[in-house]
Amino acid sequence: MLIFTDDRMRLHDPGAHHPERPDRLSAATQALKGRPGLTWRAPTPASGEQVARIHDAAHVADVETRRGRRGAFDPDTNHSEDSVEAAYLAAGAAIDAVTAVVEGEAKHAFALVRPPGHHAEAQAAMGFCLFNNIAVAAAHARAALGVERVLIVDWDVHHGNGTQHVFEDRRDILFCSLHQYPFYPGTGAATEVGHGEGEGYTLNVPFPAGAGPTDYRAAFDDLILPVADAFAPDLVLVSAGYDAHRDDPLASMQLEDETYATLAGKLVALADRHAAGKLVLVLEGGYDLDALGRSVRATVDTLAGATAPPIHGDPQRGVAALREVRQAHRSRWKI
């Protein structure tokens with residue numbers, strides 16, 4: 001499988017004590033160094049045209065004005081002198097990963113990037129994110145690579161508000177998010193199901209704090225996978241945040257290293273059923289360095305063919321959330 005990353009993304013420096021720090025990228029890459037079967041690639045920066053498929057001209061212009069200087073887009077989203085270059089590299093890595101997989105160079109790819117992307121709205125940076133990397137890559141797959149149906153699964157602990165909002169009126173992209181709720185950024189209720197032509201093609205699983213592996217397993221097996229099977233994607237993308245880990249300092253969920261391996265294994269099987277195996281992951285959050293490295297390694301081991309451990313038991317904290325999602329979508333999908 002292919003790994004797309006670039007040390008220049010470490011030059012994005014939000015400042016001392018900021019949780020989205022350069023060492024996150026080091027932790028993720030070092031966890032995979034020396035692992036056989038991986039091909040490492042440096043990405044090409046995204047072009048202005050590629051980014052503009054998702055972001056409006058005013059936002060792109062605002063980002064460009066910040067080259068070579070320090071500042072902040074909002075209280076959470078700081079930038080340094082090299083942050084703009086890093087943001088274009090991060091979006092480009094997601095595009096390159098999707099292109100390589102769709103064109104048959106590999107079945108699986110992982111874009112290890114920062115800054116992350118799923119909070120970035122069409123018109124604004126937000127939540128540590130400058131450009132919405134996975135949305136830019138999905139739009140590229142649709143516009144330039146002939147992909148007809150894209151599934152995006154977001155397992156970051158925070159709701160992928162930016163990704164939802166840019167696609168929620170479309171039925172060619174199915175967006176599924178599992179996240180702690182209520183929590184930052186305040187969106188992602190089960191009743192948010194999309195609009196117009198896209199009604200039913202947004203599926204949110206808003207778990208309470210403390211949800212764990214059995215809750216996530218039930219969400220996948222009983223909700224996400226049946227809907228995804230009916231959708232039959234040509235390409236599977238994952239907003240791979242690791243901040244639902246029990247060790248993460250920014251949230252209150254209870255996932256373990258092996259949970260991510262199990263979830264990845266379910267998506268490998270889904271991609272094999274519908275998309276000739278085409279599966280791409282793009283790094284989002286994850287703020288405990290050890291947990292991040294171990295979880296990335298567990299994920300990649302599964303993508304490379306290791307058997308992921310099963311998760312046994314019934315859902316615990318998430319029963320009411322699962323019931324609410326089922327109610328919100330029962331008229332659209334057989335779940």
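Counting begins at 1 with the first residue of the sequence. As the structure is a prediction and not an experimental result, all values here were calculated from the model.
- Between R41 and E105, at least one side-chain N (NZ, or NE/NH1/NH2) sits under 4.0 Å from a carboxylate O, which counts as a salt bridge.
- Under 3.5 Å, the side chains of S80 and S83 contain a donor-acceptor pair of N or O atoms.
- Looking at D288, its side chain does come within 3.5 Å of a backbone N or O of A291 through a donor-acceptor pair.
- Side chain to side chain, N161 and E121 meet the donor-acceptor criterion of an N or O pair below 3.5 Å.
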TODO: Evaluate the side-chain hydrogen bond (donor to acceptor under 3.5 Å, both in side chains) criterion for residues D229 and H274: first the C-alpha distance (whole Å), next the side-chain angles of each, then the deciding distance (0.1 Å), finally the verdict.
DONE: CA-CA 8 Å; D229 278 325; H274 299 289; 2.6 Å; yes

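- Applying the salt bridge (Lys or Arg N to Asp or Glu O under 4.0 Å) test to D13 and every residue at least two apart in sequence or in another chain returns R70.
- In this structure, W155 contributes its side chain and G241 its backbone to a donor-acceptor pair below 3.5 Å.
- Through direct or indirect side-chain contacts shorter than 4.5 Å among Ile, Leu, Val, Met, Phe, Trp and Tyr, Y184 is connected to M126.
- For H158, the ring pair (Phe, Tyr, Trp, His ring centres under 6.0 Å) partners are H119, F183, not counting sequence neighbours.
- Applying the side chain to side chain donor-acceptor pair (under 3.5 Å) test to S252 and every residue at least two apart in sequence or in another chain returns nothing.
- Of the charged side-chain nitrogens involved, at least one lies within less than 4.0 Å of a carboxylate oxygen, so that E199 and R332 count as a salt-bridged pair.
- Residues L151 and A228 share a closest heavy-atom pair of CD2-CB, 3.8 Å.
- Across all their heavy atoms, N78 and D74 have their closest contact at OD1-O, 4.1 Å.
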Open item on the list: Under the criterion side-chain hydrogen bond (donor to acceptor under 3.5 Å, both in side chains), I'd like the reasoning laid out for E64 against Y88: C-alpha separation, chi angles, the key distance, then a yes or no.
Closed with: CA-CA 10 Å; E64 285 291 342; Y88 278 100; 2.7 Å; yes

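- Of the residues listed (V98, D234, I173), the one engaging V147 in a side-chain contact (heavy atoms from CB on, under 4.5 Å) is D234, and it is the only one.
- Looking at residues two or more places apart in sequence or on another chain, you find a side chain to side chain contact (heavy atoms under 4.5 Å, CB included) between A275 and K278.
- Counting only N and O atoms by type, the side chains of D82 and H12 include no donor and acceptor under 3.5 Å apart.
- The two residues L203 and L223 have their closest heavy-atom pair at CD1-O, 4.5 Å.
- Taking each heavy atom of L237 and A138 in turn, the nearest pair found is CD1-CB, 3.8 Å.
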Would you tabulate the side-chain donor-acceptor contacts of residues 317-326 under 3.5 Å, counting partners in other chains and residues two or more places apart, or write 'none'?
{"unit_1": "R317", "atom_1": "NE", "unit_2": "A209", "atom_2": "O", "d": "3.1"}
{"unit_1": "R317", "atom_1": "NH2", "unit_2": "A209", "atom_2": "O", "d": "2.9"}

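- The closest side-chain donor-acceptor pair between H159 and N204 falls under 3.5 angstrom.
- Between V238 and V280 the shortest side-chain heavy-atom distance does not fall below 4.5 Å.
- Among residues two or more places apart in sequence or in another chain, the side chain to side chain donor-acceptor pair (under 3.5 Å) test is passed with N132 by T163.
- Here the closest heavy-atom approach between residue K334 and residue P226 is recorded as O-CB, 4.1 Å.
- Under the side chain to side chain contact (heavy atoms under 4.5 Å, CB included) criterion, A125 pairs with H59, F73, T77, sequence neighbours left out.
- For the pair D248 and V157, the minimum side-chain heavy-atom distance is 4.5 Å or more.
- Take S26 and apply the side chain to side chain donor-acceptor pair (under 3.5 Å) test, not counting sequence neighbours, and it matches R10.
- Checked against the 6.0 Å centroid threshold, Y201 and W333 count as a close aromatic pair.
- Below 30°, between 30° and 60°, or above 60°: for F131 and H55 the angle between ring planes is between 30° and 60°, a tilted geometry.
- Remark: side-chain polar atoms of Y260 are not paired, donor with acceptor, to backbone N or O of A240 under 3.5 angstrom.
- Remark: the T202 side chain and the Q164 side chain contain no N/O donor-acceptor pair separated by less than 3.5 Å.
- Judged by distance alone, with hydrogens and angles left aside, the side-chain atoms of D169 form no donor-acceptor pair with the main-chain N or O of G196 at under 3.5 Å.
- Applying the salt bridge (Lys or Arg N to Asp or Glu O under 4.0 Å) test to every pair with at least one member in residues 171-189, sequence neighbours left out, gives these pairs: R142-D172, R170-D172, R171-E197.
- With R114 contributing its side chain and L25 its backbone, the two residues share no donor-acceptor pair below 3.5 Å.
- The distance from the CZ atom of F4 to the CG atom of L283 is 15.0 Å, given to the nearest 0.5 Å.
- With hydrogens and angles ignored, the 3.5 Å screen pairs no side-chain donor or acceptor of N133 with any backbone N or O of A94.
- With no hydrogens or angles considered, a side-chain donor-acceptor pair links Y242 and T299 at under 3.5 Å.
- Although no hydrogens or angles enter the test, the distance criterion places a donor-acceptor pair under 3.5 Å between the side chain of R69 and the main chain of T65.
- Side-chain contact between H79 and P14: absent, with no pair of heavy atoms (C-beta onward) separated by less than 4.5 Å.
- In this structure, F167 has no ring pair (Phe, Tyr, Trp, His ring centres under 6.0 Å) partners at least two apart in sequence or on a different chain.
- Applying the under-4.5 Å side-chain rule to Ile, Leu, Val, Met, Phe, Trp and Tyr, the cluster around F128 extends to L250, Y287.
- Checking H118 against S239 by side-chain atom types alone, no donor-acceptor pair falls below 3.5 Å.
- Between the side chain of Q50 and the backbone N or O of A46, no donor-acceptor pair lies under 3.5 Å.
- Across P309 and E258, no two heavy atoms sit closer than the pair CG-CB, 3.7 Å.
- Judged by distance alone, with hydrogens and angles left aside, the side-chain atoms of R149 form a donor-acceptor pair with the main-chain N or O of A232 at under 3.5 Å.
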- [ ] Show your reasoning for whether side chain to side chain contact (heavy atoms under 4.5 Å, CB included) applies to F220 and L263.
- [x] CA-CA 8 Å; F220 265 65; L263 301 183; 3.8 Å; yes

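- For the pair D221 (side chain) and A218 (backbone), a donor-acceptor distance under 3.5 Å is absent.
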